[in-house]
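Chain naming here is simple, since letters A, B, ... match the order of the sequence lines and numbering starts at 1 in each.
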Protein chains: 6
Amino acid sequence: MSWLPSLITNTPEDGYNLALNLSRMAVKMTQPDDAARARMRPDYSNNADSLTMASHVVATNFQTVAQANGYWRD
Amino acid sequence: MSWLPSLITNTPEDGYNLALNLSRMAVKMTQPDDAARARMRPDYSNNADSLTMASHVVATNFQTVAQANGYWRD
Amino acid sequence: MSWLPSLITNTPEDGYNLALNLSRMAVKMTQPDDAARARMRPDYSNNADSLTMASHVVATNFQTVAQANGYWRD
Amino acid sequence: MSWLPSLITNTPEDGYNLALNLSRMAVKMTQPDDAARARMRPDYSNNADSLTMASHVVATNFQTVAQANGYWRD
Amino acid sequence: MSWLPSLITNTPEDGYNLALNLSRMAVKMTQPDDAARARMRPDYSNNADSLTMASHVVATNFQTVAQANGYWRD
Amino acid sequence: MSWLPSLITNTPEDGYNLALNLSRMAVKMTQPDDAARARMRPDYSNNADSLTMASHVVATNFQTVAQANGYWRD
């Protein structure tokens, strides 16, 4: 089973969660070691700029997911 | 009730506020501890580059919301 | 009266000014204290990278405004 | 006469130059003092990351200009 | 044989992998020395901001690939 | 002869190379001195974040070129 079977989601909130997941997956693929990623968590989760940067990636992925879903207009 | 029931808003200003909310939500999901986020506030709210970075995320999310709403053309 | 009644402008130059305004508004909403923002001005207005970052935000917002206006093609 | 009468250009190269101009105009509007901007020039023009950041802004504005011109396809 | 024969992929997951590859290729073309790139790996793979920046590039390329594929809607 | 006669390329790989060229041209126009640019090369080509930033610019320009070419779909 693929971790990304589709970009289509039922709701905008599900789409936002998918955008979060897409953002994290690139991190995971660049640093596959779970322990290494866990060690970094206190750093970025307590640094405002790091959180803003993460939010920017989510925003970029959310553009893609929202467009794929026709912005859930109906 | 979803925190993001729809991307459709009545006015451009409402759409801008939604873009702000989308930007903050990714921060909240990465750092869910309210106290931790409050501790960072004096840092980024008094740093010009931090504020510019935050404004960039809002701009990216506003692109999505504006397109979803057909730019409120009528 | 809304600060953002519409994304439609008469000219590209007006659209660019609106993009500037959209970029500043997110800063204002994150740091509403006028005096605090004034204190930061000498920092970023004399730092090339800060100015480039600010210009990037304007460029992102100008994409939105230009598309809303059909690029003022006629 | 407006500094930005139109986004339409005759050629892709003219469009690229317009994108450069759009990128610089936001800097100029944020720091209108010519002498202040001149003082910063040696800094960013000899710093690779500063130049890359500047190139990113141009790329963002070139997206807008290229789309306005239908990518000069004919 | 081209390293980039097409932007079309069978699945969203394949498209995401292509976006990763596009992101890495620009790095490779700017620093073609394999050993030099290998030396940098411990730095960025253990730095949260570096990983976030890398994820942003993937998100930007994924926008392109997803649009090329009509978001794999059917 | 223009350095940018067209955004149309025969293949995705040619389009990617054009995106690279667009990214470098803004750097060249901001710092026209060949020797100055050559001096900076060891810095950014051995710094992971600098390379990631450069890759982001290429990704942004590749969006433009890919769209201009209808994603080379046929």
Close side-chain approach of D:H56 and F:H56, heavy atoms under 4.5 Å: yes
Check: D:S55 side chain, F:V27 main-chain N or O, donor-acceptor pair, under 3.5 Å: no
Smallest separation among heavy atoms of F:L22 and D:Y16, with atom names: O-OH, 2.7 Å
Heavy-atom closest contact (F:M53 atom, D:D49 atom, distance): CE-O, 3.7 Å
Minimum heavy-atom distance D:Q63-F:T60, with the two atoms named: NE2-O, 3.1 Å
Side-chain heavy atoms of D:N17 within contact of F:M29, under 4.5 Å: yes
Max heavy-atom pair count under 4.5 Å with chain D, selected residue of F:R24, F:Q67, F:R39, F:R41: F:Q67
F:Q31 side chain vs D:S45 backbone, donor-acceptor pair below 3.5 Å: yes
Side-chain heavy-atom pair F:L4, D:W72 within 4.5 angstrom cut-off: no
Per-residue contact mode, F:I8 against chain D (heavy atom under 4.5 angstrom): side chain
4.5 Å side-chain heavy-atom contact, F:Y44 and D:T52: no
Chain D interface, residue from F:D33, F:N47, F:T64, F:D43 that has the most non-hydrogen pairs under 4.5 Å: F:T64
From CG (D:L51) to OG (F:S50), nearest 0.5 Å: 11.0 Å
